[in-house]
Each structure stands twice: as C-alpha cells, then as structure tokens.
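Read through the structure below, which is laid out as structure tokens, and then see the notes.
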Amino acid sequence: MTGPLVPFREIVLKVHSRCDLACDHCYVYEHADQSWRTRPRAISDDVIFRTAQRLVEHAKTHALPSVSVILHGGEPLLAGPVRLRRVCEELTSAFEGVAELDLRIHTNGLQLSPRYLDLFDEFGVRVGISLDGDRAANDRHRRYADGRSSHPLVLKAVELLRQERYRHLYLGLLCTVDIENDPRAVLDALAELDPPLVDFLLPHATWDDPPPRPNGSPTAYADWLLAVFDHWQERGRPVPVRLFSSVLSTLSGGPSLTESLGLAPTDLVVVETDGQLEQVDSLKSAYEGAAATGFDVFTHAFDEVASHPGVRARQLGLAGVSETCRQCPVVRSCGGGLYTHRYSSTGPSDAFDNPSVYCADLAALVSGIETRTAAAVVAPAVTEPVELVAAQQDLTRTLLALLNVDIGQYGGEQWEAVWELAARIEASEEGARGLNEALAHPYTRTWLLDVMERVHEWPGAGRVARRMSAYLAAAVVRTGLDLSVRVPFSGGRIHLPGLGELRIEDEGAGGTALLSATEEGFLVRREGGDAADRIVRAEVAGPGWRPLHRIPTPGSAAGFVLDDLDPYRDCFSLPAAGALDERAAADLAARVAEAWTLIGTKAPGRTEEMAGRLTTLTPLTGLAPAEPAVGRHGYGALGIAPDGSSEELAFALLRGFRRAELCALRDVTDLYAADGSWEHRMPWQEEPVPFSRLLADTYERLALGAFDPRYLEGVPQALDGLEGSAELTIDGKRLLDRMRKEI
C-alpha cells in the first residue's frame with residue numbers, strides 16, 4: 001500500500017459487549033463475525049488506562065488538535081455509571097494539555113436517566129440515539145428478545161435529552177433504512193423529536209448476503225431515500241440530514257461528510273472490551289475475523305494499526321476503489337460505497353475489490369439529488385455574465401473587509417481616518433458607485449492579496465492607508481463628490497488607480513496632497529508645501545499629470561484602459577513593460593482597436609461577450625504576440641505583447657478573455673474537484689492531461705473557433721469527454737451546458 005499514513009482521529013471504544021435489545025439487523029450479533037461471544041462483558045481498568053495512554057501517544061506523535069472517542073457496545077450504558085465515570089476521568093485526565101477531547105456515546109437509550117446525563121454533562125459527553133422512525137418502523141427490528149416494543153422507552157430517553165438542562169448533549173438520531181417502512185412517516189417521526197442531526201444508514205450487507213429487495217428493484221433503497229429527500233425538501237429541510245448534506249457537498253465540489261460516502265480516507269479504529277484493536281465495526285458483516293488486526297493496546301501503538309493492510313486499503317481514496325468505480329462519474333460522491341458493502345467471497349483475489357452491493361442505489365441517489373437541486377444550487381455567476389462581475393466585486397469587497405479587520409488589530413489613526421472617509425463616500429448612492437468603480441480596477445485584487453500576505457510584518461498601516469487613500473481620491477474624481485481626500489505620497493508621485501499618475505514634486509520627495517473634485521476635473525493642493533494649487537483635467541495630459549490611455553471599442557461604452565502605470569500591474573508570469581511613450585501607446589491603442597474591429601467582423605458575438613468585462617490591458621515584455629497572460633489580479637485584465645499585429649492581438653484578446661473568465665469563475669465557485677486524480681485525452685494532443693487542462697483548452701477553442709473554424713476540430717469529442725468525467729460539479733455541468741450551446 002502506498003501513500004502517507006493517516007492518523008486516527010476517531011476511536012470507537014467498546015465499553016460493554018452485550019445488549020439489552022435483540023435487533024435482528026445488528027452487525028455485532030446477527031452477522032458473520034461472532035467474536036463478541038469471547039469478549040469480556042465490560043471493559044477493565046487496565047484496558048481503559050492503556051487505551052488512554054496509547055491515544056495520547058498517538059495524538060502527540062501526529063500533533064493532533066483534537067480526538068473523538070465514541071463510547072460504544074453492545075449497549076454502552078450497560079457498563080453502568082461507575083464504569084463510565086472511570087472511562088471519562090481517565091481519558092479527560094490523559095488528554096489535558098495535549099489535545100481537545102471530543103467524547104460521545106451511541107446508545108439505544110433504554111437505560112438513559114438523569115444520573116447518566118448528569119455524568120455526561122460533567123465530562124461533555126454528547127449522546128446519539130438509535131431510532132428507526134415511528135413505532136411501527138422502529139419495532140420492525142429494534143425489539144427486546146421476547147418481542148416487546150422498545151419504542152416508548154427510546155422516546156422517553158429522547159425527551160429527557162431535549163430538556164433544557166441536557167439539550168446541549170443531544171448529538172442526534174441514527175436511523176437504519178428499511179424500505180418496508182413509510183419514508184415520509186419515518187422522517188416526520190424523527191423530525192418531530194427536533195434532533196441536531198439525523199443519520200440514515202443503509203443496512204449492512206455484502207454480495208454474499210445482499211440486502212432484501214422485496215419488489216426486485218435494483219434502486220429500491222435509492223427510491224426510498226429520495227422519497228425521504230423529497231419530503232424533507234417539501235417541509236423546508238426541518239432537520240439536518242448527514243447523508244443528504246454529504247451528497248450535496250460533493251456535488252458542489254466539497255468534501256464528503258460521512259464515512260459511508262466519498263473518497264476521504266478513513267481515520268477510525270475500534271478498541272474492543274479486551275483491548276483488541278480492530279478495523280471499522282461494520283466489517284463484522286463480511287466474515288469471521290474480517291475486522292481483526294492482531295494488535296492490542298497493551299503491546300501495540302496506534303501507528304502500527306494505521307499501517308495494517310486492511311486499514312491502509314480504506315485510506316487510498318480513489319486508488320482504493322474498484323476499476324469500475326474509478327470510471328464512474330458519481331464516484332466522488334459515493335466513494336464506491338462503504339468498504340464492507342463491497343465484499344464478495346467469490347470475487348477477485350481482493351474480496352473487497354468490487355463495487356458496492358448498493359451500487360445502483362448510490363448512483364440513483366446521487367443523480368436524483370443532483371436533478372432535484374441543480375437549478376437551486378448552481379452559482380448565478382456560471383450562467384449570467386453580470387452575476388460573474390458582481391461576484392468578483394463582492395470578493396474584492398470581502399478581501400478589503402478582512403484587511404480592515406487585520407489592520408484593526410494593530411490600530412493606527414491614519415488607517416482609521418481613511419476607513420471613516422470611505423464610509424462617508426459610500427453614504428451617498430453616487431459615492432458608492434464611484435468607490436465601486438475605483439475598487440473594480442483589476443489590480444485592486446493584486447494589492448489586497450499582497451497586503452494581506454504581509455500586513456503582519458509591518459509595524460503600522462501607513463503604506464496600506466496611502467494606497468487606500470488613492471482609491472478614495474479616484475472615487476471622488478470619478479463622481480465629482482464635494483469632498484477633499486488627503487493622499488500621502490512618496491517618490492514625488494501619486495498613482496490614482498484606473499485613472500493615471502500625478503507628479504507632485506521632484507523624484508524622491510514625499511508628503512501629503514489634498515485632492516478634491518471640480519467641474520473641470522480635480523484640484524490638487526500640496527499640503528504643508530509651497531507648490532501652488534492646480535486644476536487637472538482627468539482625461540487630458542498636462543503638466544505633471546499622465547492619464548491612462550483609453551481605447552474606444554464599438555459596442556462598449558467603457559472600452560479598454562491601457563494601464564502601463566499601476567505599481568501592482570507586475571502580477572503576470574512575465575514582467576510588465578515600462579511606461580510607454582505617447583507614440584508607442586497611441587500605436588498600440590490603434591492596433592488593439594483594429595483587433596477589436598476584426599473580431600467584431602468575424603465573430604460579433606464574441607465582442608458582445610467581452611464588452612464591459614475585459615477592461616484593462618497591460619503591456620508585458622517577452623510575451624509572444626498572439627499569446628495573452630492572465631495574472632494574479634481581479635477579473636478584467638490581460639497582459640499583452642506591445643508589438644503584436646492587429647490579427648495577433650485579436651487572437652490574444654479572444655484567448656485571454658476566455659482564460660480570464662475561467663479564472664474568475666474558479667474564484668467564486670467550484671467547477672470541478674479532485675483535479676489530477678484522472679487523466680484525459682484531448683483530441684488535438686497525444687499526451688493525457690488533467691481535467692482542468694482539458695476544460696481550459698476546450699473553453700478557449702470554442703471562442704477561437706468563431707474566429708477560425710479549424711479550432712473547433714475535436715471540440716465535440718472533448719465536450720463528450722468532459723461530460724462523462726467524475727470531476728465535474730453541478731456548476732461545472734452548467735458551464736458545460738453553456739459550452740454545448742455555444743458550439
């Protein structure tokens with residue numbers, strides 16, 4: 001087995017090996033492994049002590065911040081309050097000063113009483129209770145040996161937990177699925193008890209002992225769970241359901257939230273009442289001894305168990321599932337199903353190298369939840385260009401707010417004054433618009449990311465306040481607000497983001513200038529100096545003022561800004577060129593305008609797509625003429641070669657816009673997950689590539705194909721490959737739909 005060792009963060013501690021119920025679906029007593037018959041009934045003091053020591057040793061070795069210990073059985077409450085107190089005291093004492101201890105207990109609830117709950121309150125033990133629904137559903141399996149109902153006592157236990165003094169200990173309800181039960185009634189019964197969480201568990205089964213399917217349907221369990229899901233949706237999701245939350249998370253590119261689904265490596269180990277260390281308990285459903293490792297807490301460290309082949313097999317993620325599962329598009333969500341459910345004694349040499357016995361159910365469940373929720377959970381930025389721009393602006397605003405929090409830890413009157421002025425500007429609708437326009441400049445993001453990485457290294461916030469003041473001044477200039485902005489400067493210059501550069505004094509000089517709007521442009525006053533006031537026209541070059549060159553583009557009122565001045569423009573893989581002289585800038589602007597006209601002639605839909613969204617062009621050195629560069633900045637900027645022909649620049653604009661748009665989408669949503677876990681073939685290249693490369697190349701070729709049809713060769717096949725991949729999220733699939741419509 002390859003891959004790094006995964007430490008255990010969750011330990012199931014068997015404190016009692018017998019039970020006061022005779023549930024006929026119990027994997028401990030009713031399935032293949034009958035080792036419970038030889039176990040001590042209750043855990044001993046020696047096992048408690050050695051388990052605590054081994055756990056602390058493991059936590060120290062791996063610097064674990066927290067460890068969860070689940071008290072289990074049999075029925076753990078049969079250990080009695082004295083024995084359970086001993087367990088809690090030993091573990092709490094051992095973990096003091098080492099790691100946070102999360103204690104839990106899973107019980108059938110029959111013995112639960114205030115005496116137990118007072119003990120659990122003392123040690124922070126949270127309580128999960130097994131309940132399969134209403135009385136009819138619960139009594140189908142969870143009965144006493146003589147057939148009596150357990151339901152009234154379980155309800156009594158839950159009501160006790162719901163009392164105000166114990167409510168904080170209420171962990172949730174565990175419900176084993178039985179497709180003979182009414183799914184709507186089961187959910188209603190569980191939701192009525194107001195649990196913090198509901199866990200629906202598929203009954204343990206293998207290919208040797210498959211689950212019952214009374215109607216013969218291969219998706220009977222999915223059908224039942226989807227009926228629960230539909231009712232859950234209809235009721236407004238009255239309680240969290242871990243199974244549904246996990247599927248929704250993985251469909252959107254997030255992690256699995258349960259061991260029974262997803263590709264996350266297992267981090268659980270079981271300690272039996274005699275100190276034997278075993279794999280996950282559900283393996284007892286496979287065959288006698290399936291969970292055994294041969295290790296115990298007296299002579300073996302937890303790291304030795306973590307290296308056991310059986311444990312390692314459940315830590316391999318994608319590499320640990322069958323070949324059939326690796327090629328399945330829902331494998332990120334289902335993870336091949338619970339390891340136990342893959343067992344077949346007649347299978348390959350590895351008896352677990354199979355799809356789950358619930359394979360068809362899991363595929364139908366994931367697909368069913370996706371179909372039901374796709375329209376509601378897809379990010380608007382994927383479907384509406386204006387939403388992508390808004391989402392990018394929200395991201396910049398969020399970063400700015402986080403920066404304010406960081407700087408607030410250090411104080412600083414200068415920054416506080418700037419922040420207060422920003423609030424005054426935003427108080428009016430016009431001011432808010434002006435500040436939004438100033439902050440929308442793509443290199444704002446470069447500045448914010450740079451500052452947030454290094455803000456803790458600085459003794460004060462003056463440098464940050466200087467740049468922020470420049471944004472406020474730019475907002476005032478844009479809108480003509482009746483405000484003056486104090487802008488500190490160094491090097492004799494002030495840079496107004498998105499507008500231009502103002503020389504106040506000679507190189508090397510520093511100080512503060514006051515900027516305010518006038519009808520003609522803006523007024524500049526040197527604070528504390530001898531320089532006379534002067535009025536500057538924002539769009540016209542004059543003494544000491546160099547505005548950014550603007551390139552008009554048909555169909556876009558804003559056109560392009562040719563930004564060769566911003567100090568944060570050097571954020572590309574190649575260095576930014578120096579400031580262009582007037583002739584070079586005018587020549588480049590003319591060629592860009594010609595490129596835009598050329599695109600509009602051959603592919604008018606592309607100019608409509610880019611208008612107002614591609615805003616800023618920066619000349620770079622060493623860049624091929626037809627190649628663009630996308631850097632570490634906000635949406636809307638491209639690096640271009642200053643010497644490209646109009647046709648070469650047309651290709652650069654088309655390519656660059658698509659690359660920038662894909663980057664912007666990835667900033668605000670997950671289009672795919674587990675990139676690099678699979679390799680894909682591109683029709684136009686022999687070497688296999690990761691999903692991200694296939695998506696990016698296909699997305700780019702769609703745009704270039706409108707300009708030159710040769711780029712569309714192989715694109716339909718690439719789209720088919722993308723559609724059948726496991727990496728796509730719901731948002732990624734919506735983007736794929738857009739791409740198919742484009743072609």
Side-chain angles (χ1 to χ4, degrees), residues 252-253 373-401 426 428-446 448 471 474-475 478-479 497-498 550-561 563 596 599-600 603-617 628 630-631 633-638 653-671 695-696 699-700 702-703 706 729-743:
S252 297
T373 60
V377 302
V378 69
V382 178
T383 56
E384 298 294 335
V386 67
E387 293 289 350
L388 178 56
V389 173
Q392 283 286 315
Q393 291 174 343
D394 287 346
L395 180 55
T396 297
R397 286 290 192 145
T398 299
L399 290 173
L400 185 58
E426 281 208 295
S428 70
E429 183 177 343
E430 189 177 15
R433 175 181 59 79
L435 188 54
N436 277 336
E437 289 176 358
L439 293 174
H441 191 56
Y443 300 133
T444 306
R445 184 80 56 80
T446 319
L448 285 169
Y471 280 109
R478 287 172 182 272
T479 57
R550 298 189 177 274
I551 308 171
T553 52
S556 173
F560 292 127
V561 170
D563 197 334
W596 183 266
I599 297 171
R606 296 302 170 186
T607 53
E608 293 173 11
E609 182 182 37
M610 291 190 286
R613 298 161 68 190
L614 184 56
T615 62
T616 307
L617 304 177
V630 177
H633 50 65
Y635 187 34
L638 288 183
L653 293 178
L654 284 168
R655 280 195 175 103
F657 174 71
R658 295 292 269 194
R659 292 177 188 176
E661 186 176 46
L662 204 54
C663 286
L665 283 170
R666 291 201 304 264
D667 280 340
V668 297
T669 189
D670 289 315
L671 301 174
L695 175 63
Y699 196 61
E700 184 177 313
L702 274 169
T729 64
I730 289 179
D731 282 344
K733 291 179 180 179
R734 186 57 60 89
L735 178 64
L736 186 62
D737 288 343
R738 269 182 51 197
M739 294 165 69
R740 286 199 182 279
K741 289 175 183 176
E742 285 186 47
I743 200 171

Next item on the list: Find the distance between CG (D667) and CD (Q392) and round it off to the nearest 0.5 Å.
Entry: 5.0 Å

Notebook entry, point to check: Thinking salt bridges, do R433 and E429 make one under a 4.0 Å N-O criterion?
Noted result: no

Notebook entry, point to check: Taking atom CG of L435 and atom CD of E426, what is their separation to the nearest 0.5 Å?
Noted result: 5.0 Å

Notebook entry, point to check: Can you list the residues that meet the ring pair (Phe, Tyr, Trp, His ring centres under 6.0 Å) rule with H441, with sequence neighbours excluded?
Noted result: Y443

Note to self: Restricting to non-hydrogen atoms, name the atom on P442 and the atom on G636 that form the minimum distance, rounded to 0.1 Å.
What the structure shows: CG-C, 3.9 Å

Check: How far apart are the closest heavy atoms of M610 and L653, and which atoms are they?
Finding: SD-O, 3.8 Å

Next item on the list: Flag the pair L735 / L662 as yes when at least one side-chain heavy-atom distance between them is below 4.5 Å, and no otherwise.
Entry: yes

Note to self: Determine whether a donor-acceptor pair (N or O, by modelled atom type, separation under 3.5 Å) exists between the side chain of T398 and the backbone of D394.
What the structure shows: yes

Next item on the list: Look up atom OG1 in T479 and atom CG in N436, then write down how far apart they are to the nearest 0.5 Å.
Entry: 11.5 Å

Check: M739 versus L695: any side-chain heavy-atom pair under 4.5 Å?
Finding: yes

Next item on the list: Taking all non-hydrogen atoms of both residues into account, name the closest pair between V561 and R550 and its distance.
Entry: CG2-NH1, 2.9 Å

Item checked: Gap between atom CG of L736 and atom CG of D731 - 0.5 Å precision -> 12.5 Å

Checklist line | Reported OH-to-CG distance for the pair Y471 and L400, which is rounded to 0.5 angstrom | finding: 9.5 Å

Checklist line | With R666 via salt bridge (charged side-chain N to carboxylate O under 4.0 Å, His left out) - residues at least two apart | finding: none

Check: Should L702 and I743 count as side-chain neighbours, where that means a heavy-atom distance under 4.5 Å?
Finding: yes

Notebook entry, point to check: So, the side chain of R613 versus the backbone of F657: is there a donor-acceptor pair under 3.5 Å, distance only?
Noted result: no

Item checked: Shortest non-hydrogen contact between L638 and A660, atoms and distance -> CD2-CB, 4.3 Å

Margin query: Could you check whether E700 pairs with R658 (Lys NZ or Arg NE/NH1/NH2 to Asp/Glu carboxylate O, under 4.0 Å)?
Written below: no

Margin query: Working note: D670 + T729, criterion side-chain hydrogen bond (donor to acceptor under 3.5 Å, both in side chains); need CA distance, chi angles, decisive distance, verdict.
Written below: CA-CA 7 Å; D670 289 315; T729 64; over 6 Å; no

Notebook entry, point to check: From L614 CG over to T616 OG1, what is the distance, rounded to the nearest 0.5 angstrom?
Noted result: 8.0 Å

Next item on the list: Give the minimum heavy-atom separation between H633 and A637, together with the two atoms involved.
Entry: CE1-O, 3.1 Å

Next item on the list: Return the minimal non-hydrogen interatomic distance between V382 and V378, and the atom names on each side.
Entry: CB-CG2, 4.5 Å

Notebook entry, point to check: Less than 4.5 Å apart, any side-chain heavy atom of Y635 and any of E661?
Noted result: yes

Check: Are the side chain of R606 and the backbone N or O of I599 linked by a donor-acceptor pair below 3.5 Å?
Finding: no

